> 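Take a look at this one; I'll ask things after.
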Amino acid sequence: QLQLVESGGGLVQAGGSLRLSCAASGRTLNMLVMGWFRQAPGKEREFVAAIKWNGIYYADSVKGRFTISRDNAKSTMYLQMNSLKPEDTAVYYCAAAIASSYRDIYYYSRGGAYDYWGQGTQVTVSS
């Protein structure tokens, strides 16, 4: 059973940076699509970014500011967040899906596409 644990959240001023990590245990990241989602208070969960072996996809709201990456040898995924804005404040969740060669990277912007979820890490950006 795959388990995901996020870390790296915290409080940062607007314009600052944070790096989130998602450590996986129970299996390697090979053949998995990995994604980041976030949920702000009173709002629905929203897609942030996803990474597959043949592509990366970002939500428009974070494109150019956030970078998703993965280190399969360390079974860890990362989200480098730069130029943070107060509207980036949310609980950030990592997720994993058994990859399908029939699905392109855009399919994985849907939360329902994922099989495993972490517990979340809080990111707060002050103005």
Side-chain angles (χ1 to χ4, degrees):
Q1 179 77 5
L2 178 68
Q3 292 186 325
L4 304 173
V5 178
E6 304 94 336
S7 61
L11 174 63
V12 64
Q13 289 188 333
S17 298
L18 281 175
R19 187 196 196 201
L20 304 184
S21 298
C22 173
S25 61
R27 62 164 292 166
T28 67
L29 299 187
N30 294 337
M31 304 306 294
L32 294 179
V33 177
M34 304 295 294
W36 288 99
F37 289 76
R38 66 187 182 186
Q39 187 167 20
K43 295 187 177 181
E44 294 186 352
R45 180 180 61 193
E46 67 172 354
F47 169 74
V48 175
I51 183 167
K52 195 180 178 188
W53 62 79
N54 60 353
I56 290 174
Y57 179 42
Y58 295 100
D60 288 342
S61 59
V62 306
K63 198 175 298 182
R65 300 187 298 122
F66 291 10
T67 302
I68 188 172
S69 62
R70 61 196 286 172
D71 186 337
N72 287 351
K74 294 183 178 180
S75 295
T76 302
M77 176 180 63
Y78 305 97
L79 186 68
Q80 177 66 43
M81 306 186 294
N82 299 328
S83 302
L84 283 161
K85 305 175 181 180
E87 51 263 43
D88 294 318
T89 295
V91 177
Y92 283 71
Y93 298 90
C94 69
I98 306 298
S100 169
S101 58
Y102 299 103
R103 302 290 190 184
D104 61 25
I105 188 68
Y106 306 107
Y107 173 80
Y108 295 96
S109 65
R110 302 167 41 185
Y114 292 85
D115 306 295
Y116 305 96
W117 292 84
Q119 83 289 348
T121 186
Q122 176 70 46
V123 171
T124 302
V125 184
S126 63
S127 58

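Keep in mind the model is a prediction, meaning the values are calculated, not measured.
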> To the closest 0.5 Å, what do you measure between CD1 (Ile105) and OH (Tyr57)?
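Interatomic distance, Ile105 CD1 to Tyr57 OH, rounded to 0.5 Å: 9.5 Å.
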> What about Trp36 and Val5, same hydrophobic cluster or not, with Ile/Leu/Val/Met/Phe/Trp/Tyr joined at side-chain heavy-atom distances under 4.5 Å?
no
> When rounded to the nearest 0.5 angstrom, what distance separates CD in Glu44 from CD in Gln39?
8.5 Å
> Do Ser100 and Tyr108 come within less than 4.5 Å of each other through their side chains, counting heavy atoms only?
yes
> Side-chain heavy atoms nearer than 4.5 Å, only ILVMFWY residues, links allowed to pass through others: does that put Leu18 and Tyr93 together?
no
> Is any side-chain heavy atom of Arg65 closer than 4.5 Å to one of Tyr58?
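A side-chain contact is absent here, since even the closest heavy-atom pair is not under 4.5 Å.
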> Quick check for you: to the nearest 0.5 Å, what is the distance between Ser83 atom OG and Lys85 atom NZ?
8.0 Å
> Does Ile51 reach the side chain of Met77, with side-chain heavy atoms less than 4.5 Å apart?
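In short, these two side chains touch, coming nearer than 4.5 Å.
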> Calculate, to the nearest 0.5 Å, the distance between atoms CH2 and CG belonging to Trp53 and Asn72 respectively.
11.5 Å
> What distance do Gln13 atom CD and Leu84 atom CG have between them, rounded to the nearest 0.5 Å?
11.5 Å
> Would you name the heavy atoms of Pro86 and Ser127 that are closest together and state the gap between them?
CG-CB, 3.8 Å
> Just wondering, do Leu32 and Arg27 contact through their side chains at under 4.5 Å, heavy atoms?
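A side-chain contact exists here, since the closest heavy-atom pair is under 4.5 Å.
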> Kindly indicate, with the supporting measurements, whether the criterion side-chain contact (heavy atoms from CB on, under 4.5 Å) is fulfilled by Leu4 and Met34.
CA-CA 11 Å; Leu4 304 173; Met34 304 295 294; 4.2 Å; yes
> Could you check Thr67 against Tyr78 for side-chain contact (heavy atoms from CB on, under 4.5 Å), going step by step and ending with a plain yes or no?
CA-CA 8 Å; Thr67 302; Tyr78 305 97; over 6 Å; no
> Look at Asp60 together with Lys63 and state whether they make a salt bridge at an N to O cut-off of under 4.0 Å.
yes
> Keeping the roles fixed (side chain from Glu46, backbone from Arg38), state whether a donor-acceptor pair exists under 3.5 Å.
no
> Using atom types as modelled and distance alone, determine if a side-chain donor or acceptor of Glu6 lies under 3.5 Å from a backbone N or O of Gln119.
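Such a contact is found between Glu6 side chain and Gln119 backbone.
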> Can Gln122 and Thr89 be said to form a side-chain contact (heavy atoms from CB on, under 4.5 Å), step by step?
CA-CA 8 Å; Gln122 176 70 46; Thr89 295; 4.0 Å; yes
> For residues Tyr107 and Val33: do they belong to one hydrophobic cluster (side chain heavy atoms under 4.5 Å, members Ile, Leu, Val, Met, Phe, Trp, Tyr)?
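Same cluster: Tyr107 reaches Val33 through Ile, Leu, Val, Met, Phe, Trp or Tyr contacts under 4.5 Å.
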> What distance do Thr124 atom OG1 and Asp88 atom CG have between them, rounded to the nearest 0.5 Å?
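One gets 11.0 Å once the value is rounded to the nearest 0.5 Å.
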> Please walk me through it: do Met31 and Ile98 pass side-chain contact (heavy atoms from CB on, under 4.5 Å)?
CA-CA 6 Å; Met31 304 306 294; Ile98 306 298; over 6 Å; no
> According to a 4.5 Å side-chain heavy-atom criterion applied to Ile, Leu, Val, Met, Phe, Trp and Tyr, with indirect links allowed, do Phe37 and Leu20 form part of one hydrophobic cluster?
no
> Would you check if Trp117 and Arg45 make a side-chain contact, meaning some heavy-atom pair closer than 4.5 Å?
yes
> Applying a strict under-4.5 Å side-chain criterion to I, L, V, M, F, W and Y, I'd like to know whether Val91 and Leu79 cluster together.
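In one cluster with Val91: Leu79, no.
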> If the plane angle is over 60° it's perpendicular, under 30° parallel, otherwise tilted; pick one for Tyr92 and Phe66.
tilted
> For a quick test of reading the model, state the closest non-hydrogen atom pair linking Ala24 to Leu29 and the distance between them.
CB-CD2, 3.5 Å
